[in-house]
J.: 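Provided herewith is a single structure, encoded as structure tokens, for subsequent inquiry.
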Amino acid sequence: MSVAANTIPLLSRVVGYSVAIANNAGRIIRDIMKKGELGIVEKESAQDLQTEADRAAQRSIITSLQKCFPKSTIIGEEGEDEVNDLSGQVFDPSSDSSSSSSISSINCPPQLTTVAEEELVIWVDPLDGTAEYTQAHECRISGHLGVCKTLGLSCESLLDHVTVLIGIASGGKAVGGVIHQPYYNYQNPGAELGRTIWGIVGGSVGGMPIVAPPEGKVIVTTTRSHSSSTVNDAVAAVSPTEVLRVGGAGHKVMLLLEGKAHVYVFASPGCKKWDTCAPQAILEAAGGVLTDIKGNPIPYHATVAHRNSTGVLASAMGQDHQAFLAKIPLHVKDNLKA
């Protein structure tokens, strides 16, 4: 490591290296889709799937992060076996010229410049939106074109839901994050695929322009595969003018950052810390807010329960988060127990 690198705050380096590592994971995900052997297995249910892309991407992310930051705690979605398996491709993020040149531009606020490596907890979701990834693959091999009759939407548009998430926490709080979209630009044949967004709370956001959602509307984004009466009651309570039912927590927060939605409502215990840590950090760096459905902060300590048992409520830049919270019915909040 150069002398100049030593003058850059640790958190800026972790985020910068995570950008390069996430980009590489995106290449792994695309390569496995191209080869067509997804190696799908069920985890907790038929709706909770894991593919070889999940496993290979996580092995690469974990192995690469551990090599760079061995004193940090790293927690991956795909379980301890995959975390402990260091046979994955080790990617050297310092070899990525775009990463190395951008680290110095990643602004870290004064209160986070002294964070030590052993204080960091890194939450990794190697492929958020696995259901959509597998459905897009099935549509491809079935020769579907245009709008899929089974899904009622464009088969290719499912690729928008797929993200790679690397969230960084310190003191139990989300402080930095990276969201990589492996298939960004898929609509433009021949264009380079992929886009990576990063942020540090109280610092800077990069990778895309942040757009405020339109005035005079309340566009809600929520789950497309885990609906329930509690979820639907919470969505209805905020009086939406439009509801976007999509996959992946990363994708839902991206809709807030792109100005395509005002609020993300998920009154269910369905998502985990690795789903929300990176999106929360980037959203809050951009001026938005993410809490549980009761308005409480989501903790990210190394020993915390992985499930977000009291749901998620996130609002875009410029929105009144407290006003949305006040509209969530008491019975919805009471149905979600910590």
Side-chain angles (χ1 to χ4, degrees), residues 1 5 8-29 56-78 83 88-108 112-113 115-128 162-170 173-182 184 194-201 203-208 249-250 253-254 257 273-286 300 302:
M1 185 180 299
I8 297 173
L10 171 69
L11 187 55
S12 296
R13 285 191 282 116
V14 175
V15 170
Y17 281 1
S18 293
V19 166
I21 290 168
N23 289 342
N24 185 63
R27 289 188 283 270
I28 293 171
I29 289 167
Q58 174 154 307
R59 285 194 295 269
S60 177
I61 294 170
I62 298 289
T63 304
S64 303
L65 285 172
Q66 284 185 336
K67 187 171 181 61
C68 294
F69 309 106
K71 297 178 183 177
S72 297
T73 300
I74 305 173
I75 302 173
E77 178 184 10
E78 305 311 333
V83 172
Q89 172 199 35
V90 179
F91 176 75
D92 178 7
S94 66
S95 67
D96 186 308
S97 59
S98 62
S99 169
S100 300
S101 62
S102 66
I103 287 176
S104 60
S105 68
I106 298 176
N107 182 36
C108 182
L112 294 176
T113 56
V115 171
E117 187 177 318
E118 55 269 24
E119 296 175 47
L120 298 181
V121 181
I122 304 176
W123 296 86
V124 175
D125 189 340
L127 201 169
D128 189 35
V162 177
T163 60
V164 177
L165 306 176
I166 303 177
I168 302 120
S170 175
K173 297 179 180 179
V175 295
V178 169
I179 299 176
H180 174 68
Q181 299 170 294
Y184 181 79
R195 177 174 71 166
T196 307
I197 300 88
W198 53 264
I200 294 180
V201 177
S204 51
V205 180
M208 62 169 277
V253 170
M254 283 301 305
L257 295 168
K273 299 294 187 294
W274 44 72
D275 295 310
T276 54
C277 187
Q280 176 173 349
I282 298 172
L283 180 64
E284 293 188 352
Y300 294 100

J.: Show your reasoning for whether side chain to side chain contact (heavy atoms under 4.5 Å, CB included) applies to Glu117 and Val14.
T.: CA-CA 9 Å; Glu117 187 177 318; Val14 175; over 6 Å; no

J.: To the nearest 0.5 Å, tell me how far Glu77 CD sits from Asp125 CG.
T.: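 Result: 4.0 Å between the selected atoms.
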
J.: Could you report the tightest heavy-atom contact between Ser105 and Trp198, atom names first, then the distance?
T.: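 So the two residues come closest at O-CH2, 4.3 Å.
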
J.: Specify the closest pair of heavy atoms between Ile28 and Ser60, including all atoms of both residues, with the distance to one decimal.
T.: CD1-CB, 3.6 Å

J.: What are the two closest heavy atoms between Val115 and Ser170, and how far apart are they?
T.: CG1-OG, 3.7 Å

J.: Evaluate the criterion side chain to side chain contact (heavy atoms under 4.5 Å, CB included) for residue pair Ile75 and Lys273; output intermediate values, then yes/no.
T.: CA-CA 9 Å; Ile75 302 173; Lys273 299 294 187 294; over 6 Å; no

J.: For Ile21 and Val178: C-alpha separation, side-chain torsions, deciding distance, then whether side chain to side chain contact (heavy atoms under 4.5 Å, CB included) applies.
T.: CA-CA 10 Å; Ile21 290 168; Val178 169; over 6 Å; no

J.: Minimum heavy-atom separation for Ala249 and Asp128, please, with both atom names.
T.: N-OD2, 2.9 Å

J.: Considering non-hydrogen atoms only, spot the tightest contact between Asn107 and Ser12 and give its length.
T.: C-OG, 4.5 Å

J.: Let me see the working for Lys173 and Glu284 under side chain to side chain contact (heavy atoms under 4.5 Å, CB included), right down to the final yes or no.
T.: CA-CA 11 Å; Lys173 297 179 180 179; Glu284 293 188 352; over 6 Å; no

J.: Looking at Gly199 and Ile282, what are the two nearest heavy atoms and their distance?
T.: N-CG1, 3.7 Å

J.: Parallel, tilted or perpendicular: which describes the rings of Trp123 and Tyr300, with under 30° parallel and over 60° perpendicular?
T.: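 Geometry flag for Tyr300 against Trp123: perpendicular rings.
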
J.: Would you mind reporting whether Gln58 and Trp274 have side-chain heavy atoms less than 4.5 Å apart?
T.: no

J.: Only one of Leu11, Val175, Ile168 forms a side-chain contact (heavy atoms from CB on, under 4.5 Å) with Ile200, so which one is it?
T.: Leu11

